[in-house]
Amino acid sequence: MSAVLTSEAANVSKAQAPSSIVAVLLGTGVVGGAFLKLLNTPAASSIRLVGAANSRRQQTQAEQLADRSLREKLKINGDARNDASLLAALDANEASVKVIIDATACGTLASRHAEWLERGYHVVTANKSLAGGDLPGWRALQAALASGGRYGDSATVGAGLPVISTLRRLRHCGDALLTLEGVFSGSLSYLFNQYDGSQPFSALLRRARELGYTEPDPRSDLSGEDVARKLLILARCAGFALRPDEVEVESLVPDNLRGVDVAAFLSRLEELDEPLAARFAEAKARGGALRFLARLNQRGRARVGLVEVPANHPATRLYGTDNQFALSTTRYNTQPLVIQGPGAGPEVTAQALLGDVLALA
Ligand SMILES: NC(=O)c1ccc[n+]([C@@H]2O[C@H](COP(=O)([O-])OP(=O)(O)OC[C@H]3O[C@@H](n4cnc5c(N)ncnc54)[C@H](OP(=O)(O)O)[C@@H]3O)[C@@H](O)[C@H]2O)c1
């Protein structure tokens, strides 16, 4: 017998071997696809995938799940979506750890996380809709966690940079957050790291979109809503149970471009240029720079928006799509604890999911 198994053969053999963790994957897009690749690596050998789904189809057959083209095949083939049969696939297994991995941005799925935890499943998620959503949903999640299920949320902020874990650890040690400030969006980081007035903002935005740094509809990034959700998640981790309407959000999308369809928005990007050029020129004249910052102060006041910062501000020393989180606490009070690094990307986000899944065992 050959000493080297092909990846597919290794998968089939893994499907037959006892695993300590059984998992269902919801979402086989950019992040879910990268997670499926990680499942084929030795690091994931204790995980057995028993179900996978996109928005329209799902698969629970072991041989199909072990197929390296699973993601592509699910686009055209598979059973109709039905959460109950995915949960049944988890229940049919003897493994002690049963986890639902949510790699979607679907609010409806996120609204079921608490129920799944109460039913004895663990949940690992890149989906921010529950932890960064309405306060009642977040409170239901906290209540459900009392039933013993665990919630892996490292991928929801900073694509797995160790910010949520650090905040929890500091709090556990009796430290308290005084202020939090940073750049929480890879796309907005790129845009303002690059914007130096030499080219219109719209040209830079088109380039960022081509590079895959923005969502297909860049208004999702420019609205600041995604950053606001991340700030809510972190504020709540730090003990500030804020409502979404308590985060002041400055959108960079002009009012008259909010209701138009994506194609119309993309054809009118130049309308962003003049107001941003004026703000840039004002900041430059004072020796400052523009950065899209999220901020939380000691009284729980939260704001997300474009800020003029001095030239020596830590956020001016970012590269590419870096995120940055500067935490001042009662013990880190002379200099903030700064966590910085790539805050987007499928591989690192999928790795954050994998780390949370492995931590369940
Ligand atoms: N991309 C990144 O770098 C990054 C970084 C950090 C966090 N995240 C977060 O990770 C999540 C996924 O991002 P992505 O970039 O992978 O998005 P994506 O490429 O758009 O993929 C989303 C996937 O979710 C599936 N889906 C939607 N509703 C579903 C449902 N009800 N049941 C099962 N599957 C469903 C979609 O199915 P269809 O294929 O049928 O549409 C698609 O496969 C988002 O919450 C995002 O904010 C992404």
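In this text the structure is predicted, and so the values were computed from the model without any measurement. Order of listing sets the numbers, starting from 1, for every ligand and every atom in it.
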Identify all pairs of nitrogen or oxygen atoms, one from ligand 1 and one from the protein, separated by less than 3.5 Å, and list them with distances.
| from | atom 1 | to | atom 2 | distance (Å) |
| --- | --- | --- | --- | --- |
| ligand 1 | 3 (O) | G345 | N | 2.9 |
| ligand 1 | 16 (O) | V30 | N | 3.1 |
| ligand 1 | 16 (O) | V31 | N | 2.7 |
| ligand 1 | 19 (O) | V30 | N | 2.9 |
| ligand 1 | 32 (N) | R81 | NE | 3.2 |
| ligand 1 | 32 (N) | R81 | NH2 | 3.1 |
| ligand 1 | 34 (N) | N54 | O | 3.2 |
| ligand 1 | 34 (N) | S55 | N | 3.4 |
| ligand 1 | 37 (O) | S55 | N | 3.0 |
| ligand 1 | 40 (O) | S55 | N | 3.1 |
| ligand 1 | 40 (O) | S55 | OG | 2.6 |
| ligand 1 | 40 (O) | R56 | NH2 | 3.1 |
| ligand 1 | 43 (O) | T28 | N | 3.1 |
| ligand 1 | 43 (O) | G29 | N | 3.1 |
| ligand 1 | 45 (O) | T104 | O | 2.8 |
| ligand 1 | 45 (O) | A126 | O | 3.4 |
| ligand 1 | 47 (O) | K128 | NZ | 2.9 |

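Atom CZ of R112 and atom CZ of R119 lie 11.0 Å apart (nearest 0.5 Å). Rounding to the nearest 0.5 Å gives a distance of 6.5 Å between CZ of R279 and CG of L290. One finds the CZ atom of R268 at 13.5 Å from the OG atom of S202 (value rounded to the nearest 0.5 Å).
A 6.0 Å sphere centred on CD of Q351 holds no more than 12 heavy atoms belonging to other residues, nucleotides or ligands. Open room surrounds CZ on R207; 12 or fewer heavy atoms of other groups in view lie less than 6.0 Å from it.
Ring geometry for Y213 versus Y190: interplanar angle over 60°, hence perpendicular rather than tilted (30 to 60°).
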